[in-house]
Amino acid sequence: MAKAAVSVRTNRGRLIGARAVFALILREMTTTYGKSIGGYFWTVAEPVAAIALLSVVFSMIVHQPPLGQSFILFYASGYLTLTGYNAISINVAMSIRFSKALLAYPSVTYVDAIAARLILTTLTQLQVFAIVIAVAIATQHSQINLNFPALGRAWGMLIALGTAVGLLNCYLMSTFPAWQMVWAVLNRPMFLVAGVLFLIDNMPEPVRTISLLVPPTHVVMMMRKGIYDTYDAVYVSEIYVYGVSLLIGALGMILLHRHHRKILSER
């Protein structure tokens with residue numbers, strides 16, 4: 001009887017948590033994207049405009065992209081990967097501050113707020129990626145054979161890394177507001193270092209070694225392996241990305257678990 005009672009309470013707690021996460025997702029959709037389709041339109045239009053600009057500029061400088069024949073597809077593969085990672089890490093980092101008023105209710109926890117933003121952001125970025133890549137492939141004159149297992153591995157690394165960085169930044173930004181500006185400055189060179197504009201494989205030493213120390217670089221390479229069947233991505237280390245993600249994510253969760261009450265009590 002005691003085990004049955006514990007099981008009922010556990011299932012009830014899970015149901016309440018799932019309902020809280022779903023409610024937070026609906027709130028996030030309303031506040032972030034609005035009640036019209038325009039909000040979602042801009043999530044697609046913004047990266048499309050940036051990729052188109054990159055493609056036009058670099059097509060005037062060089063005759064052919066480092067991979068394939070399409071400038072749009074090459075820059076989309078790198079740009080969407082980095083923006084997807086940034087979107088997940090930033091939204092997870094801001095989850096407690098965004099839902100602080102709702103976290104006063106006992107049925108809503110900081111974990112629910114993090115989970116809601118993580119789920120919605122991931123689904124949104126997957127949707128944007130699928131739409132833009134599909135359009136880029138459709139404009140290709142040559143056939144593209146997608147490697148879906150490699151794409152799945154790339155997204156696995158992207159989600160793990162974005163979540164881990166977001167968890168640590170969630171504590172740092174909530175405790176030290178100035179860290180948000182510091183992180184924005186530190187993150188700016190990522191566009192160049194992570195190999196969005198070029199192939200890391202072609203870079204000389206020590207530039208390549210420095211770039212490989214940056215975990216998003218490995219995600220970009222794996223994503224391109226999933227799009228280009230001629231690209232081997234020999235420098236990718238999934239163990240390194242997941243190891244860094246585990247270390248950073250565990251540290252972030254420990255700090256949030258210990259200090260979330262203090263963070264919520266601050267105005």
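- Across Ala136 and Ile72, no two heavy atoms sit closer than the pair CB-CG2, 3.9 Å.
- Linking Ile, Leu, Val, Met, Phe, Trp and Tyr whenever their side-chain heavy atoms come within less than 4.5 Å puts Leu126 and Val132 in one cluster.
- Between Tyr228 and Phe74, the two ring planes are tilted [angle within 30° to 60°].
- Leu172 is connected to Leu186 through a chain of hydrophobic side-chain contacts under 4.5 Å among Ile, Leu, Val, Met, Phe, Trp and Tyr, so both are in one cluster.
- Nearest heavy-atom pair across Pro215 and Val244 is CG-CG1, 4.0 Å.
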How far apart are the C-alpha atoms of Tyr75 and Phe58, what are their side-chain angles, what is the distance that settles it, and do they pass the ring-ring contact (aromatic ring centres under 6.0 Å, His included) test?
-> CA-CA 10 Å; Tyr75 293 119; Phe58 280 92; 5.3 Å; yes
Could you check Phe71 against Leu54 for side chain to side chain contact (heavy atoms under 4.5 Å, CB included), going step by step and ending with a plain yes or no?
-> CA-CA 8 Å; Phe71 284 94; Leu54 285 173; over 6 Å; no
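- Between Leu192 and Phe198, the shortest heavy-atom distance links the atoms O-CZ, 2.9 Å.
- Grouped by direct or indirect side-chain proximity (heavy atoms under 4.5 Å, Ile/Leu/Val/Met/Phe/Trp/Tyr only), Met60 sits with Val56.
- Atom OG1 of Thr43 and atom CD1 of Ile131 lie 7.5 Å apart (nearest 0.5 Å).
- His257 places no side-chain N or O within 3.5 Å of a backbone atom of Met253 that could act as its donor or acceptor partner.
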Apply the test side chain to side chain contact (heavy atoms under 4.5 Å, CB included) to residues Thr109 and Asp112: give CA-CA distance (whole Å), side-chain angles for both, the deciding distance (0.1 Å), then the verdict.
-> CA-CA 5 Å; Thr109 68; Asp112 296 330; 3.2 Å; yes
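- Side-chain contact between Arg153 and Val236 is absent, with no heavy-atom pair separated by less than 4.5 Å.
- In the hydrophobic clustering of this structure, Leu251 groups with Leu167; members are Ile, Leu, Val, Met, Phe, Trp, Tyr whose side-chain heavy atoms approach within less than 4.5 Å, directly or through other members.
- From Tyr240, atom OH reaches atom CG of Leu212 across 9.0 Å, with rounding to the nearest 0.5 Å.
- Nearest heavy atom pair, residue Ala87 against residue Gln125, reads CB-NE2, 3.6 Å.
- Note on ring orientation: taking the six-membered ring where Trp is involved, the planes of His259 and Tyr171 are tilted (angle from 30° to 60°).
- Met223 is not listed as a side-chain neighbour of Leu82, based on a closest heavy-atom distance of 4.5 Å or more.
- Distance check: Met173 CE to Leu168 CG gives 9.5 Å after rounding to the nearest 0.5 Å.
- When atom types are taken as modelled, the side chain of Ser245 and the backbone of Ala164 share no donor-acceptor pair closer than 3.5 angstrom.
- Partner of Arg117 under the side chain to side chain contact (heavy atoms under 4.5 Å, CB included) criterion, out of Asn91, Ile88, Ile90: Asn91 alone.
- Within the 4.5 Å cutoff, side-chain heavy atoms of Pro216 are placed close to those of Leu161.
- Few gaps surround CG on Leu213; more than 12 heavy atoms of other groups in view lie less than 6.0 Å from it.
- The side-chain heavy atoms of Val219 and Tyr85, taken from C-beta on, include no pair separated by under 4.5 Å.
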Just do the side chain to side chain contact (heavy atoms under 4.5 Å, CB included) check on Thr121 and Val92 with the steps written out, would you?
-> CA-CA 9 Å; Thr121 306; Val92 169; over 6 Å; no
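- You'll find the side chain of Leu146 reaches within 4.5 Å of the side chain of Ile137, heavy atoms only.
- Looking at every heavy atom in both residues, Thr217 comes nearest to Ser211 through OG1-O, 2.8 Å.
- Looking only at side-chain heavy atoms (C-beta outward), Trp183 and Val165 come within less than 4.5 Å of each other.
- Atom OG1 of Thr81 is separated from atom NE2 of His218 by 14.0 Å, given to the nearest 0.5 angstrom.
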Does the side chain to side chain donor-acceptor pair (under 3.5 Å) test come out yes or no for Thr83 and Asn86, once each step is laid out?
-> CA-CA 5 Å; Thr83 55; Asn86 283 332; over 6 Å; no
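- A heavy-atom distance below 4.5 Å is found between the side chains of Leu80 and Ile51.
- Residues Ala76 and Ile133 share a closest heavy-atom pair of CB-CD1, 4.0 Å.
- Hydrophobic clustering (side-chain heavy atoms under 4.5 Å, transitive across Ile, Leu, Val, Met, Phe, Trp, Tyr) groups Phe176 together with Tyr110.
- By the 4.5 Å heavy-atom criterion applied to side chains, Leu256 and Ile114 are counted as neighbours.
- Here the side chain of Tyr242 pairs a donor or acceptor atom with the backbone of Met157 at under 3.5 angstrom.
- Dense packing is recorded around CD of Gln64, with more than 12 heavy atoms of other residues, nucleotides or ligands lying under 6.0 Å away.
- In the hydrophobic clustering of ILVMFWY residues, with side-chain heavy atoms under 4.5 Å counting as a link, Ile227 and Val234 come out together.
- For the pair Arg208 (side chain) and Asn202 (backbone), a donor-acceptor distance under 3.5 Å is absent.
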Could you go through the side chain to side chain contact (heavy atoms under 4.5 Å, CB included) check for Val111 and His260 one step at a time?
-> CA-CA 10 Å; Val111 177; His260 70 275; over 6 Å; no
